[in-house]
Protein chains: 2
Amino acid sequence: MLVDTKEKILDAAEELFADQGFASTSLRDITTEAAVNLAAVNYHFGSKLDLLRAVFARRLGPVNAERFERFDALEDPDVEDVLRAFVAPLFKRLREPGDGWAKFMQLVGRTHSDTNDEIRACLIEQIRVIGARFAGALQATLPDLPPDVFSSRFHFFVGAMAHTLAFCRHQDMPLVSSLPEPDAILDNLVDFAVAGLRAPARSAPARSAMSLEAIK
Amino acid sequence: MLVDTKEKILDAAEELFADQGFASTSLRDITTEAAVNLAAVNYHFGSKLDLLRAVFARRLGPVNAERFERFDALEDPDVEDVLRAFVAPLFKRLREPGDGWAKFMQLVGRTHSDTNDEIRACLIEQIRVIGARFAGALQATLPDLPPDVFSSRFHFFVGAMAHTLAFCRHQDMPLVSSLPEPDAILDNLVDFAVAGLRAPARSAPARSAMSLEAIK
DNA sequence: GTCTATATCCTGATAGAC
DNA sequence: GTCTATCAGGATATAGAC
């Protein structure tokens with residue numbers, strides 16, 4: 001079976017990358033777990049980095065397609081509408097059977113802050129376009145926020161989301177006891193982000209002239 | 001000079017770990033950059049992981065000491081007081097000359113979400129105690145928040161902070177133009193987090209019995 | 001397409017002279 | 001404390017038989 005070999009490699013790579021990290025997982029680990037030959041990875045994918053790209057593309061393809069559909073359907077959205085259009089298409093996959101999506105989301109969250117730029121780029125290049133659309137749509141719902149303040153707050157939200165993805169599957173959270181259900185996590189994230197993004201802008205004693213101009 | 005060799009290794013390791021990541025930086029990279037002999041790393045630090053621990057300990061020691069002092073001095077604090085007691089002792093170091101602290105903060109932010117548990121543990125073990133105190137003090141300022149909601153929101157804040165640390169030194173932010181000054185970043189983070197943490201709790205249609213009980 | 005065998009390189013760590 | 005030289009192992013990638 002040729003197509004099965006590719007899928008078996010993708011499944012094993014996804015799980016091992018999520019559990020041990022990309023750099024700490026060898027191709028031997030993957031082919032052993034998948035019960036395929038070592039050389040099959042290079043035959044089907046070309047390189048280890050291309051395998052990582054394929055892992056992201058398999059699940060991010062449908063997710064990003066749904067995100068675009070939801071953005072297209074938005075009419076005069078508020079902050080929460082835009083946030084949910086971006087986040088829900090990913091989080092709702094947690095309701096599917098098996099833990100494949102949970103592992104994938106952990107991998108996404110961790111790779112997003114990876115220390116190695118080459119590895120991080122494999123993910124970033126697949127969310128750059130949808131991410132730009134998301135940022136633009138979100139900023140449009142916050143017209144009174146100075147651009148640099150929006151910029152900061154947008155990154156706070158991205159960080160909160162990435163961290164949630166990276167650790168929502170984690171058993172041993174260091175500082176707290178336990179985490180709520182997937183749907184509750186999404187609701188909590190949206191509530192938190194909506195309030196944070198809509199907080200009144202500081203009177204800004206040391207804000208730049210350009211930003212002050214943007215306030216009008 | 002013996003003490004200088006240790007410092008030179010620490011400086012080079014900090015910079016290279018922050019720029020390329022721990023796994024992608026070899027001891028040869030470090031000793032070349034530091035202009036010391038390869039064997040000096042194992043002589044002075046024992047292993048590569050122990051070197052990483054030493055990099056964290058050097059700067060986190062004074063920062064955490066100041067955090068404890070500020071927590072001890074708190075009297076009937078609100079959410080913002082607790083947040084600043086934890087965050088300010090680190091962020092204020094950005095005002096010191098040179099970019100050593102900026103590199104260090106980037107390393108902290110990235111290591112916090114590292115895909116490899118062994119690497120992440122080198123950092124976590126040095127912030128576990130102060131982190132637990134921070135979480136406890138913060139929760140005390142939000143007595144009306146159900147514990148599981150607080151738990152989620154606390155992690156959102158941690159993610160926002162880690163992401164900010166990891167990328168505040170980054171030139172090429174993918175989605176936005178530029179980032180404001182260090183002091184403004186801290187103010188923005190605090191404003192965002194205070195609003196997010198104090199957002200009213202959702203009426204909770206599917207909350208667990210224990211959490212409902214905690215609301216009382 | 002799948003497999004074995006291997007090329008080529010780089011890693012962290014160390015032994016032992018100075 | 002510092003250095004040279006090297007060990008032992010693991011990595012990715014590939015050549016070539018089947």
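These numbers were taken from a predicted model, which means no experiment stands behind them. Within every chain, numbering begins at 1; the chains are lettered A, B, ... in the order of the sequence lines, protein sequences first and strands thereafter.
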Return the set of residues passing salt bridge (Lys or Arg N to Asp or Glu O under 4.0 Å) with [X] (not counting sequence neighbours), or none when no residue passes.
X	result
A/Arg59	A/Glu14
A/Asp183	A/Arg95
B/Arg28	none
A/Lys48	none

Does NZ or CZ of B/Lys103 fall inside the cone over B/Phe17's six-membered ring, less than 6.0 Å from its centre and within 45° of the axis?
-> no
Extract all donor-acceptor atom pairs below 3.5 Å that involve side chains of residues 87-94 of chain A and protein atoms in other chains or at least two apart in sequence.
{"residue": "A/Lys92", "atom": "NZ", "partner": "A/Glu66", "partner atom": "OE1", "Å": "3.4"}
{"residue": "A/Lys92", "atom": "NZ", "partner": "A/Glu66", "partner atom": "OE2", "Å": "2.8"}
{"residue": "A/Arg93", "atom": "NH1", "partner": "A/Glu66", "partner atom": "OE1", "Å": "2.9"}
{"residue": "A/Arg93", "atom": "NH1", "partner": "A/Pro89", "partner atom": "O", "Å": "2.6"}

Which residues satisfy the side chain to side chain donor-acceptor pair (under 3.5 Å) test with [X], sequence neighbours excluded?
X	result
B/Thr141	none
A/Asn64	A/Arg67
A/Thr25	A/Gln20
A/Asp19	A/Arg169

What residues 11-27 of chain A contributes to the DNA chain C interface at heavy-atom separation below 4.0 Å is none
Positions of residues 49-58 of chain B (non-hydrogen atom under 4.0 Å from DNA chain C), listed by number = none
Please tabulate, one pair per line, each protein N/O and nucleotide N/O from nucleotides 3-6 of chain D that are separated by under 3.5 Å, including the distance.
{"residue": "D/dT4", "atom": "OP2", "partner": "B/Asn37", "partner atom": "ND2", "Å": "3.2"}

Without decimals, in angstroms, what is the distance between [X] [atom1] and [N] [atom2]?
X	N	atom1	atom2	result
A/Tyr43	C/dA5	OH	P	21 Å
B/Phe45	C/dG12	CZ	C1'	16 Å
A/Asn42	C/dA5	CG	P	18 Å
B/Asp29	C/dC10	CG	P	11 Å
A/Lys8	C/dG1	NZ	P	14 Å

Before accepting this row, confirm whether a basic side-chain N of the pair A/Arg153/A/Asp148 lies closer than 4.0 Å to the acidic partner's carboxylate O.
->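 Salt bridge between A/Arg153 and A/Asp148, a charged N being under 4.0 Å from a carboxylate O: no.
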Can you find a side chain N or O atom of A/Thr5 that sits less than 4.0 Å from OP1 or OP2 on C/dG1?
->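 So the side chain of A/Thr5 is outside the cut-off, no N or O lying under 4.0 Å from OP1 or OP2 of C/dG1.
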Minimum-distance nucleotide (side-chain atoms of A/Ser47 versus C/dT2, C/dA13, D/dA13) = D/dA13
